[in-house]
Every structure is written in C-alpha cells, then in structure tokens.
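Down below is the structure, laid out as structure tokens.
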Number of protein chains: 2
Amino acid sequence: MSDARDTLFRYLTLLQLIPRSPGRISTPVLKEKLAERGFHIDTRSLQRDLGQKLSTQFPIGCDDSQKPYRWYFDRAFQCHLPALDVPSALTLVLAEEYLKGLLPPVVVGQLTPHFNDARQLLDGMASNGLSKWARCVRAIPNGKALIPAELDEAIWQTVAEALLEQKAIDVMYLSRTSETEKPLTLHPQGIVSRHSATYLLAHVDGFEDLRQFALHRVKHAAFSQRAWQARDDFDIDRYIQSGAFGYRQGPDNVVLEAEIARPVAWLLQETPLSEQQTIEALPGSQWYRLTAQVPDDQQTLWWLMGMSTNVKVLAPSAWRETLKANAAQVLAHYQDTPDTCDMH
Amino acid sequence: MSDARDTLFRYLTLLQLIPRSPGRISTPVLKEKLAERGFHIDTRSLQRDLGQKLSTQFPIGCDDSQKPYRWYFDRAFQCHLPALDVPSALTLVLAEEYLKGLLPPVVVGQLTPHFNDARQLLDGMASNGLSKWARCVRAIPNGKALIPAELDEAIWQTVAEALLEQKAIDVMYLSRTSETEKPLTLHPQGIVSRHSATYLLAHVDGFEDLRQFALHRVKHAAFSQRAWQARDDFDIDRYIQSGAFGYRQGPDNVVLEAEIARPVAWLLQETPLSEQQTIEALPGSQWYRLTAQVPDDQQTLWWLMGMSTNVKVLAPSAWRETLKANAAQVLAHYQDTPDTCDMH
DNA sequence: AGTGCTGCGACAATGTAAGCCGCATAAAGC
DNA sequence: GCTTTATGCGGCTTACATTGTCGCAGCACT
C-alpha cells in the first residue's frame with residue numbers, strides 16, 4: 001500500500017513483522033517482507049533500525065549466533081493500539097478465569113501476553129487506589145470443571161498452522177485402544193474443543209473417512225511432505241450434529257413443557273433456556289409452568305437431569321420417559337447393592 | 001521515562017493515549033499527558049502529529065465541532081505489537097466461541113476489536129489458501145448453554161470502573177421480589193460471573209451487610225457523590241464458598257469412590273476430575289473403578305447426577321444417599337401423574 | 001586463497017521535525 | 001460591540017535525523 005516514505009509507519013510495520021520469542025526472523029527476510037509492503041530500503045538502513053533504534057526502545061532480542069542475525073520480540077511483551085481501557089481489561093481478566101477451566105493450559109498460555117497486559121494495567125491502578133482487582137473478580141464455570149487435558153505447546157502450534165494453511169502433518173498418535181504410539185499422516189479439516197478436551201478432525205492419508213484425534217494424545221507433530229487433501233463437502237456443524245461428539249440432535253427444535261420450582265423459575269427468567277420461553281406462576285403453589293422451544297439434544301436432557309426434583313417434565317413425552325426410566329435405573333443400582341458399606 | 005528525543009516513541013505514546021471511539025480526548029489534555037511522560041513538545045508539533053501524520057496512517061477521527069478538537073480512534077481498530085501469530089489467532093477465535101455462551105453479549109462485545117483482529121488475520125490467510133477458518137473451528141460448551149442475560153454496555157463500563165477505582169455508584173435496581181425499580185447507592189466490592197449471569201457484590205449505602213446485585217437488573221448506573229466505603233475484611237473466595245451462590249462446599253475434599261461405565265472412564269482419563277484420581281478396570285465387565293479426591297460441592301454432585309446410570313457412587317455415603325433419594329423422588333414425581341398426556 | 005554474504009563504522013546529501021511567529025477564527029468576558 | 005483568550009493553521013528556519021554509498025572485517029563454504 002503506502003509507499004509514503006513515512007519512517008514511523010515503516011517502523012511499525014517492522015515491529016509487526018518481528019515474531020514473538022519462540023519465533024525468529026532474519027534480516028534479509030525482513031528486508032524482503034518490507035519490500036513487499038512497499039518499503040524499499042537499503043539493507044544498511046534496516047540494520048540500523050533494528051540494532052540502534054528499535055532494540056533500544058523495545059524488548060527486542062537478537063540471536064547473533066549465526067550470521068544472518070535472527071530477531072525476536074520478548075515473549076511477554078504486548079502493546080495495544082489504542083491502549084486497553086479499564087472495562088476491557090476487567091473483561092479480559094474475567095475471560096481468562098473462564099478459559100482456564102475450558103481450554104488446555106498451553107492454549108490459554110498462547111494468550112498470556114494479552115492477559116498480562118490487562119493485569120499490568122489493573123495493577124498499575126491498584127498502586128494508586130489500592131483496588132486489588134485480583135481479589136474482586138471471579139468466574140464460576142458452568143457445570144463441573146474437569147481438568148483440561150495436557151497438551152504440548154509445539155503441537156498446538158503445528159496443528160493450528162497446518163489446519164489454517166492447509167498442510168498435511170505427520171504425527172505420532174497414542175491410540176486409545178491399543179495404547180501404542182503409531183505414526184500417521186493426517187489431513188486436518190477442523191478443530192473442535194469440547195468441554196476440556198480438544199480434538200482434531202482429520203482423515204488419515206490414504207483413507208476417505210473423517211476421524212477425531214484427541215490433541216493430547218498426539219505425541220509429536222511436524223509438517224508433512226504430502227500435499228493436503230481437501231474435502232470440500234465437509235461441514236463441521238453437520239458433522240457435530242450427526243452425533244460425532246455424543247450430541248446427537250434432532251434437526252428441529254421441540255417444545256419443552258414442564259413444571260419448575262421457584263428457584264429454577266428465577267434462574268430461567270434471568271438466563272433463559274431459549275429465545276422462545278414463557279413462565280407462568282401456577283396458582284396456589286410455589287411452582288411455575290415453563291414452555292420453551294429447545295433443541296432436541298443431549299445437553300438439554302442432561303440439564304433437565306441435573307435439575308432433578310426441581311423440574312417435572314410434561315412434554316415431550318420421550319424425554320419424560322427417558323427421565324423416568326433413568327431414575328428407575330439409578331434407583332435400581334443403589335438398591336441392588338444395599339448400604340452395607342456405609343461408613344458413617 | 002524516556003526523555004529520549006525519539007519521535008517514534010512519542011508517536012506510539014500518543015497513539016496509546018487516544019481512546020477508542022466512544023471516548024474522546026482534546027489536544028491540550030494530550031499535550032499535558034505527553035508532558036507527564038517526558039515528552040515536552042510544542043502545541044504546534046502535537047497538532048501536526050495528529051492532523052498530518054497520524055490521521056493519514058491510522059483510523060483516527062477528529063471531532064471539530066467544538067474548539068479544543070477532540071480526537072478518537074476508530075471503534076473497530078486494533079493493532080497488536082508484535083502482530084498475532086496464527087495459533088494465537090485461532091485461540092482467540094476459539095475463546096470467543098466459548099465466551100459467547102458465558103458472558104453477556106455486551107461484555108464479550110468489549111473485546112470485539114481483539115477478536116476482529118484475529119478474524120482479519122485469518123481471513124487474510126483464507127484469501128490465499130482458501131481455508132475457511134470459520135468452517136473448521138467449533139467450541140462445544142460444557143453443559144447446557146443458557147442464554148446470557150442482557151446487559152447494557154454503559155452499565156458494565158460504569159460498574160467495572162467503579163469497582164476498580166473504588167467509587168460508589170447510584171443505580172436504579174429492579175428488585176427481584178417487588179418488581180419495582182428502586183434507587184440505591186452501592187459500594188462495589190466484587191464481581192462474580194456465574195454461568196451466564198453476572199453479579200455485583202456490594203453493600204447498600206448505610207448498611208453493613210454484603211448483597212448480590214444481578215447486573216442485568218441494574219437499569220441505570222452513575223458514579224455517586226458519596227465516598228466509597230471499604231471493607232478490608234472482604235475475601236471473595238470465602239464469600240463464594242460460604243454458599244452465597246448456591247455452591248456451599250465443605251472445607252475439605254472428600255474421596256469419591258464409584259464404579260463407572262466405559263465411556264465415562266475414557267472421558268475421565270483424558271480430562272480428570274481431579275489431580276488425585278485413579279481408574280482401574282474391573283475384571284469381567286465393561287466397568288471401571290474410580291477413586292478421586294474431589295471437592296465436596298454442589299457442582300460435583302450435579303455432575304454425578306448428570307452421569308445417571310453411567311456412574312454408581314459407592315462413597316461418600318452421604319452422596320450415595322442423596323443420589324438415591326433424588327432418583328426416588330424423581331420417579332415418584334412421574335408416577336404421581338401417570339402418562340395420560342402421552343402424545344405419541 | 002577466493003568468493004559471497006552479512007554486519008558495521010563513517011560520511012555526505014537530503015529530508016524532516018519542531019520551535020517560533022503571525023494570522024484567522026470562535027467563544028467568553030467586560 | 002469590543003477585547004481577551006484559547007485554539008488551529010500556514011510558513012519559515014535551523015538543527016538534527018535519515019539514508020544510500022563505500023570500505024573494511026569476519027565467517028562460511030568452495
């Protein structure tokens with residue numbers, strides 16, 4: 001774009017081209033990339049920019065162990081333009097609280113520079129006003145927080161890049177059934193993060209069918225020589241709804257009718273089950289009548305199950321039956337084995 | 001800090017001082033803030049920087065309806081130094097997918113410039129390689145996603161700022177019980193986001209006890225004249241664990257023992273319930289034996305309830321009894337009202 | 001040893017930044 | 001209605017910064 005001889009803008013472009021610390025970029029490559037963007041400058045100028053101007057003002061490092069020097073940004077550095085405002089910073093902190101329970105630590109770690117920036121800003125305020133933000137913001141996750149699966153940082157990076165740049169990858173995969181590591185060549189098609197585990201959707205080289213690979217069972221990943229095989233008919237939403245992750249779901253919504261206890265009524269008034277939802281008080285009791293259009297999926301059924309005695313489902317009858325059968329089965333479980341092991 | 005006469009650095013500082021669009025900053029104020037940071041420049045230079053240099057290269061606007069001109073950044077603009085890498089961008093997209101179901105739209109909206117940045121980067125890649133990132137990344141939330149409560153942007157901003165800068169606020173609050181709006185003066189102490197609703201912990205002016213205020217029931221908020229009342233004995237974690245959000249929890253962990261079905265065993269092997277967890281196959285069946293140290297809280301109990309027939313709890317006996325009683329009660333519910341309304 | 005790549009110091013020509021001044025405009029005060 | 005004050009803006013000048021060029025020095029590879 002701009003071939004304006006603006007030095008400021010060239011500096012900024014330069015700063016944007018230097019990757020964060022695990023990454024590196026060499027001087028000649030930088031020169032080339034700058035040229036691509038319309039900055040045709042002499043190598044010497046670039047060297048001066050890096051070595052004398054930028055590296056004195058920014059946390060920029062230089063790996064001079066090999067001759068085309070490699071430049072990189074400090075791992076923790078982050079700078080936003082415009083600067084973060086207070087509400088945004090607080091939102092970031094909240095977001096981090098939530099995400100820590102949802103994504104593998106490494107993946108959240110990918111964003112630490114951003115979160116650090118927010119924390120720094122809030123800490124800075126704290127030093128004046130003494131508001132200890134860390135002590136006044138919490139996120140309570142939805143449902144039981146399982147511990148996110150461990151995941152190697154390099155693997156996440158490789159897989160993410162392969163998926164987006166449409167490359168095939170060679171992996172060592174620890175099969176769930178056989179407990180042995182197998183080398184595979186995969187053609188990534190999608191990533192699904194469910195609860196606390198993250199899965200790669202891909203098909204194995206030479207095969208046509210799509211399979212799921214838990215990322216934390218990938219032990220090694222590298223870009224492959226093989227060309228990436230496309231599947232243009234692939235639709236991730238259709239794939240998920242087809243039941244691949246245990247969330248089989250009818251194509252249409254169903255109308256849920258139920259009687260709900262007062263606390264549940266309050267909850268649903270504030271955070272509704274769906275856009276179409278009505279709640280009416282049932283005269284002469286603490287109960288309410290709920291009607292809502294909800295998806296016909298496992299999630300909703302689980303939610304109803306968790307509400308246990310606080311919700312009486314009236315329709316659809318299939319759910320009613322499922323819940324009833326479930327309760328009967330659970331009860332049977334516990335009556336089969338009487339409480340001989342009571343430890344009280 | 002740096003009184004280095006570096007123009008680049010001054011430009012950057014300047015850019016950081018200009019707020020995003022709802023915000024505005026006037027030229028004299030900018031001059032003052034720059035001086036605070038060690039940049040003592042002539043007003044004329046500042047004017048030139050803004051009007052001729054920056055505003056041609058950046059999406060910066062100027063409100064010249066009143067005489068000290070007011071400057072602001074384009075609402076959607078975001079620039080990171082160093083630029084986002086591909087894995088980070090993908091992580092941001094994933095994070096947004098999750099957060100959309102967890103935080104009020106307005107709060108997530110606070111971060112849209114960040115997410116936009118990521119999307120832009122990925123879109124840029126797509127135009128080359130045609131990898132439609134939007135079609136290959138999904139997050140499946142944990143548990144039933146209720147619709148996050150509506151919340152006004154200005155209210156979130158006011159509350160966040162008040163909390164962090166320790167100011168009291170005047171609000172109009174829609175009481176849950178009386179259905180009427182009441183004016184209150186609050187002294188914010190904390191924010192808790194639970195599931196899809198966000199609560200302000202504060203005490204009412206003149207009272208000592210802490211109360212929760214659902215942010216979506218706050219209809220109006222403004223900074224108050226009154227001085228903020230501190231409560232230095234306040235500990236948000238203790239407050240939550242004391243049961244304030246329906247998550248009463250014993251102080252100690254308990255040892256959960258249970259028999260679990262094969263799919264659950266797989267799930268827990270990948271995303272454990274806790275750090276201390278063992279799973280052993282039970283010979284001659286598809287069942288496994290689980291032992292885990294878990295917190296004694298409602299969440300865990302709910303999770304067990306949701307697993308229904310796939311988990312048979314052996315200990316602690318209190319949970320066993322609870323689950324059993326629950327099942328009995330649910331069953332009773334449905335048998336009280338026989339299936340006369342079956343619609344099949 | 002020769003060749004090519006890279007980094008670096010020096011230098012001169014060019015370009016630019018920034019203070020200063022004066023003028024124009026608009027709002028506030030008398 | 002006129003002055004005062006605050007701000008924006010164009011132009012001028014100078015000191016200073018930027019940048020291409022050159023020469024030299026390591027270093028790797030041949």
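Proteins come first, then strands; the chains are lettered A, B, ... in the order of their sequence lines, and each starts at number 1.
Residues in residues 43-65 of chain B take part in these ring-ring contact (aromatic ring centres under 6.0 Å, His included) pairs, two or more places apart or across chains: A:Phe9-B:Phe58. Within the structure, the side-chain hydrogen bond (donor to acceptor under 3.5 Å, both in side chains) test picks out the following pairs touching residues 77-87 of chain A (sequence neighbours left out): A:Gln78-B:His80, A:His80-A:Asp117, A:His80-B:Gln78, A:Asp85-A:Ser88.
When rounded to the nearest whole Å, the span between CG of A:Leu8 and C1' of D:dT19 equals 17 Å. Spacing between atom CG of B:Leu54 and atom C1' of C:dA18 amounts to 15 Å, rounded to whole angstrom units. Across the protein-nucleic acid pair, A:Glu32 atom CD and C:dT6 atom C1' stand 16 Å apart, rounded to whole Å. C:dT14 atom C1' lies 17 Å from atom CD1 of A:Ile41, rounded to whole Å. If you take CG of B:Leu50 and P of D:dG10, they are 14 Å apart, rounded to a whole angstrom. The distance from atom CD of A:Gln52 to atom P of C:dG9 is 7 Å, rounded to the nearest whole Å. Residue B:Leu46 contributes atom CG, which lies 15 Å from atom P of C:dC20 at whole-angstrom precision. One can place CZ of A:Phe39 at 15 Å from P of D:dT18, the figure rounded to the nearest angstrom.
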List, one per line, each side-chain donor-acceptor pair under 3.5 Å for residues 68-76 of chain B, sequence neighbours excluded.
{"from": "B:Arg70", "atom 1": "NE", "to": "B:Pro68", "atom 2": "O", "distance (Å)": "3.0"}
{"from": "B:Asp74", "atom 1": "OD1", "to": "B:Ala76", "atom 2": "N", "distance (Å)": "2.8"}

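Toward the 5' end of DNA chain D, the nearer of the two residues B:Thr43 and A:His40, judged by each one's closest nucleotide, is B:Thr43.
With sequence neighbours left out, the side-chain hydrogen bond (donor to acceptor under 3.5 Å, both in side chains) criterion links B:Asn116 to B:Arg119. Checked against ring-ring contact (aromatic ring centres under 6.0 Å, His included), B:His203 has the following partners two or more places apart in sequence or in another chain: B:His187. Remark: A:Arg226 pairs with A:Asp205 by the side-chain hydrogen bond (donor to acceptor under 3.5 Å, both in side chains) rule, at least two apart or across chains. A search for ring-ring contact (aromatic ring centres under 6.0 Å, His included) contacts involving A:Phe115 returns nothing, not counting sequence neighbours. Taking the ring-ring contact (aromatic ring centres under 6.0 Å, His included) definition, one finds that A:Tyr11 meets it with nothing, sequence neighbours left out. In this structure B:Arg44 satisfies the side-chain hydrogen bond (donor to acceptor under 3.5 Å, both in side chains) test together with B:Gln47, sequence neighbours excluded.
Geometric assessment of B:Lys182 against the ring of B:Tyr173 yields a negative cation-pi assignment under the 6.0 Å and 45° thresholds.
With axes fitted over five pairs at each extremity, the angle between the ends of the helix from C:dA1-D:dT30 to C:dC30-D:dG1 is 30° (10° resolution).
Side-chain N or O atoms of B:Ser55 include one that pairs as donor or acceptor with a backbone N or O of B:Leu50 at under 3.5 Å.
Residues from residues 22-31 of chain B lying near DNA chain D, meaning a heavy-atom separation below 4.0 Å, are B:Thr27, B:Pro28 in numerical order.
For D:dT19, the OP1/OP2 oxygens have a side-chain nitrogen or oxygen of A:Arg10 closer than 4.0 Å. Proximity of A:Ser45 to the phosphate of D:dT18: no side-chain N or O atom is located under 4.0 Å from OP1 or OP2. OP1 or OP2 of C:dG7 has at least one side-chain nitrogen or oxygen of A:Gln47 nearer than 4.0 Å.
Picking from C:dG7, D:dT19, C:dA18 the nucleotide with the shortest atom distance to the side chain of A:Asp49 gives D:dT19.
One donor-acceptor pair, N or O on each side, does fall under 3.5 Å between the base of C:dG19 and the side chain of B:Arg48.
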Between the protein and nucleotides 21-28 of chain C, which nitrogen or oxygen pairs are less than 3.5 angstrom apart?
none

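Closest of all the heavy-atom pairs between B:Pro113 and B:Phe77 is CB-O, 4.2 Å.
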